[in-house]
Protein chains: 2
Amino acid sequence: MTKVKIHSKEIPVKTIGRLSQYRRALLICSQKGKTHIFSHEIAAIQHVTAVQVRRDLMLIGFNGSLKQGYDISKLIAVISEILDYEPGVNVAIFGLGNFGRALFNYFHGKRSLLRIVATFDSNTEKIGTEYNKVYCYSPYRVEEIIKKKDIKIAILTVPPDKAEEVAKKVVDAGIKGILNYTSTPIDVPDDVFLDEYDMITTMEKAAFFVKMNELNL
Amino acid sequence: MTKVKIHSKEIPVKTIGRLSQYRRALLICSQKGKTHIFSHEIAAIQHVTAVQVRRDLMLIGFNGSLKQGYDISKLIAVISEILDYEPGVNVAIFGLGNFGRALFNYFHGKRSLLRIVATFDSNTEKIGTEYNKVYCYSPYRVEEIIKKKDIKIAILTVPPDKAEEVAKKVVDAGIKGILNYTSTPIDVPDDVFLDEYDMITTMEKAAFFVKMNELNL
DNA sequence: ACAGTATTGTTATTAATTTAACAATAATGA
DNA sequence: TCATTATTGTTAAATTAATAACAATACTGT
């Protein structure tokens with residue numbers, strides 16, 4: 001899926017990602033008391049080009065004024081209208097190791113409409129405990145809890161050899177979005193959103209560039 | 001930077017990333033005793049298309065045989081020739097919170113040529129201690145240690161308001177690759193590799209898709 | 001009043017990436 | 001022997017994304 005329809009207009013998924021970034025920049029500016037902002041200012045904060053900002057905002061039909069630029073609070077509202085989903089989306093973390101806990105903390109309270117409402121781990125010492133007030137369940141209860149708590153997004157930080165199995169299980173239970181942080185690529189049906197971020201690949205790319213850098217100079 | 005020269009051929013950076021993925025798939029197959037593999041098999045493991053695999057391998061000049069496909073160990077060797085950098089690249093983690101430690105563990109021992117040789121944290125309780133045998137230094141010693149230990153890649157997991165400052169500092173000290181896991185976008189000179197992964201944006205994208213999914217059905 | 005300036009909104013162009021198409025090839029088996 | 005099959009390697013087309021170009025506009029200062 002590369003494009004999405006909003007107000008009967010096709011919008012690239014990449015634009016959606018940038019809108020989220022723009023909003024973050026806008027929220028910070030808003031907190032500082034700023035009321036208006038120019039495309040090149042947004043661009044500078046999120047290191048994209050000003051043209052791209054204008055293009056993205058054009059796509060969602062948001063207009064700025066020539067002398068003041070864009071009205072920050074209105075733009076936040078419009079972006080939120082697009083991105084947010086009242087009354088929010090419930091999220092669960094699968095695998096409560098270092099990574100899982102780190103993501104939990106990284107996230108905790110940052111977005112009121114995205115709530116981590118459950119965690120799962122196969123370690124019997126963790127099952128039944130609470131981490132930051134969120135209960136840790138046994139893997140046996142995946143289906144039951146996903147349905148009962150209406151969980152729609154799964155964050156996968158399980159060991160690589162468990163990734164596929166867990167992915168299958170959560171999709172069957174009704175999960176509609178997976179963030180896969182294991183090193184195992186997984187397959188999901190077309191109607192499930194999948195993001196896979198693989199740090200090892202990223203590191204290898206970085207190392208490759210270091211090599212290029214040194215060999216070509 | 002979108003393309004790279006290898007053997008006087010232009011190779012897209014995206015291909016570099018996929019080569020890293022292919023190698024991982026190949027290593028697993030190799031361990032299972034498999035000696036040859038078809039493009040569609042690699043494709044299935046890493047969920048890309050077979051055409052793309054063949055195209056990527058064409059770009060690096062690797063040939064398979066018509067009936068057996070690609071020789072796994074030779075392909076691993078060729079990819080390693082491209083990606084790896086003897087005698088390895090030294091890496092440091094900046095910010096030894098949950099996230100930093102998680103990345104450390106995730107990584108530890110996975111790639112012998114990519115070594116985490118130092119960590120930095122401003123917490124005085126952590127400074128001077130060792131985490132998994134790797135020393136934690138004070139931020140004051142960034143420049144000194146980067147140079148002394150020949151560190152080339154920085155993983156940033158510091159608080160968002162410190163990201164830019166730390167980035168500037170490490171670039172000045174000679175870092176050539178940054179993996180930025182803070183929520184603050186940073187700017188680096190053209191010759192420094194930068195990867196920014198922002199989990200909040202990703203989550204918001206996932207939530208957006210959940211919303212689309214439910215509204216359109 | 002009017003030239004100069006800075007910015008938006010939009011179209012056009014270029015670049016990058018992916019997907020499709022297909023000839024070439026080698027093995028298989030009737 | 002010769003059609004069938006499965007696969008590679010490569011070129012061509014299509015798609016997607018980013019960049020550039022520029023008219024339109026509204027404000028500023030002279």
Side-chain angles (χ1 to χ4, degrees), chain A residues 1-7 9-22 26 29 34-72 74-75 78 190 196 201 205, chain B residues 1-7 9-22 26 29 34-72 74-75 78 185 190 194 196 201 205:
Chain A
M1 205 179 326
T2 59
K3 296 242 171 116
V4 182
K5 262 212 172 131
I6 296 179
H7 307 143
K9 258 203 164 178
E10 296 269 299
I11 300 210
V13 170
K14 292 219 171 180
T15 293
I16 299 295
R18 284 192 293 263
L19 288 177
S20 161
Q21 288 181 260
Y22 299 161
L26 293 167
C29 292
K34 221 165 140 65
T35 62
H36 290 77
I37 193 167
F38 294 119
S39 61
H40 61 261
E41 292 178 296
I42 300 177
I45 299 173
Q46 296 292 347
H47 59 49
V48 296
T49 65
V51 184
Q52 196 149 53
V53 173
R54 294 207 300 277
R55 238 177 156 287
D56 287 335
L57 298 189
M58 186 188 84
L59 286 174
I60 62 170
F62 189 82
N63 292 312
S65 92
L66 215 38
K67 253 315 171 207
Q68 298 190 291
Y70 302 95
D71 182 310
I72 290 180
K74 280 184 189 161
L75 182 48
V78 168
D190 275 351
E196 301 198 308
T201 291
K205 261 199 288 189
Chain B
M1 208 178 327
T2 57
K3 297 242 170 115
V4 181
K5 262 210 172 137
I6 296 178
H7 305 142
K9 258 201 164 178
E10 296 269 301
I11 301 207
V13 169
K14 292 217 171 177
T15 294
I16 299 296
R18 283 192 295 263
L19 289 177
S20 161
Q21 288 180 260
Y22 298 161
L26 293 167
C29 292
K34 221 166 142 62
T35 62
H36 290 75
I37 193 166
F38 294 120
S39 60
H40 61 261
E41 292 177 296
I42 301 178
I45 299 174
Q46 296 292 346
H47 57 48
V48 295
T49 66
V51 185
Q52 196 149 52
V53 172
R54 294 208 300 279
R55 239 180 156 287
D56 287 337
L57 299 190
M58 186 190 83
L59 286 175
I60 62 171
F62 189 83
N63 293 311
S65 94
L66 216 39
K67 254 311 168 207
Q68 296 190 292
Y70 302 94
D71 181 310
I72 290 180
K74 280 185 189 163
L75 182 48
V78 168
D190 275 350
L194 173 65
E196 301 198 309
T201 292
K205 260 199 287 190

**Request:** Kindly give the heavy-atom pair with the smallest separation between A:K9 and A:L59, and that separation in Å.
**Result:** CD-O, 3.6 Å
**Request:** Drop me the distance from A:I72's CD1 to A:H36's NE2, to the nearest 0.5 angstrom.
**Result:** 8.0 Å
**Item:** Side-chain donor/acceptor contact of B:R54 with base of D:dT7 under 3.5 Å
**Value:** no
**Message:** Tell me which pairs pass side-chain hydrogen bond (donor to acceptor under 3.5 Å, both in side chains) where either residue lies in residues 41-53 of chain A, with sequence neighbours left out.
**Reply:** A:Q21-A:Q46, A:K34-A:E41, A:H47-B:E196
**Nearest-angstrom distance from the residue atom NZ of A:K3 to P of D:dA17** = 6 Å
**Item:** NZ on B:K5 to CD1 on B:I11, rounded to 0.5 Å
**Value:** 11.5 Å
**Message:** Heavy-atom nearest nucleotide on DNA chain D for B:R55 versus B:I37: which residue maps closer to 5'?
**Reply:** B:I37
**Message:** Listing request: all side-chain hydrogen bond (donor to acceptor under 3.5 Å, both in side chains) pairs with a residue in residues 56-72 of chain B, at least two apart in sequence or in separate chains.
**Reply:** B:T15-B:D56, B:R18-B:D56, B:Y22-B:D56, B:D71-B:S73
**Complete:** Contact span of DNA chain C against chain B, any nucleotide atom under 4.0 Å from a heavy atom, 5' to 3', runs C:dA16 to C:dA27
**Fill in**
A:R18 CZ to D:dT19 C1', in whole Å, measures 12 Å
**Under 4.0 Å protein heavy-atom contact, by nucleotide of nucleotides 24-30 of chain D - B base, S sugar-phosphate only** = -BSS---
**Prompt:** Does anything in residues 43-53 of chain B reach DNA chain C, meaning a heavy atom under 4.0 Å, and if so which residues?
**Reply:** B:T49, B:V51, B:Q52
**Prompt:** What heavy-atom pair brings B:C29 and B:I45 nearest, and what distance separates the two atoms?
**Reply:** SG-CD1, 3.8 Å
**Asked** Nearest heavy-atom pair of A:V53 and A:S39: which atoms, and what distance?
**Response** CG2-O, 4.0 Å
**Complete:** B:F38 CZ to D:dT5 C1', in whole Å, measures 12 Å
**Request:** Only counting residues at least two apart or in another chain, list the ones meeting side chain to side chain donor-acceptor pair (under 3.5 Å) with A:H40.
**Result:** none
**Fill in**
Between the CG atom in A:L57 and the CD1 atom in A:I42, the distance rounded to the nearest 0.5 Å is 6.0 Å
**Message:** Nearest 0.5 angstrom please: A:L19 CG to A:I60 CD1, how far?
**Reply:** 5.0 Å
**Request:** Quick one: closest heavy-atom pair of B:V78 and B:F62, and the distance?
**Result:** CG2-CD1, 3.6 Å
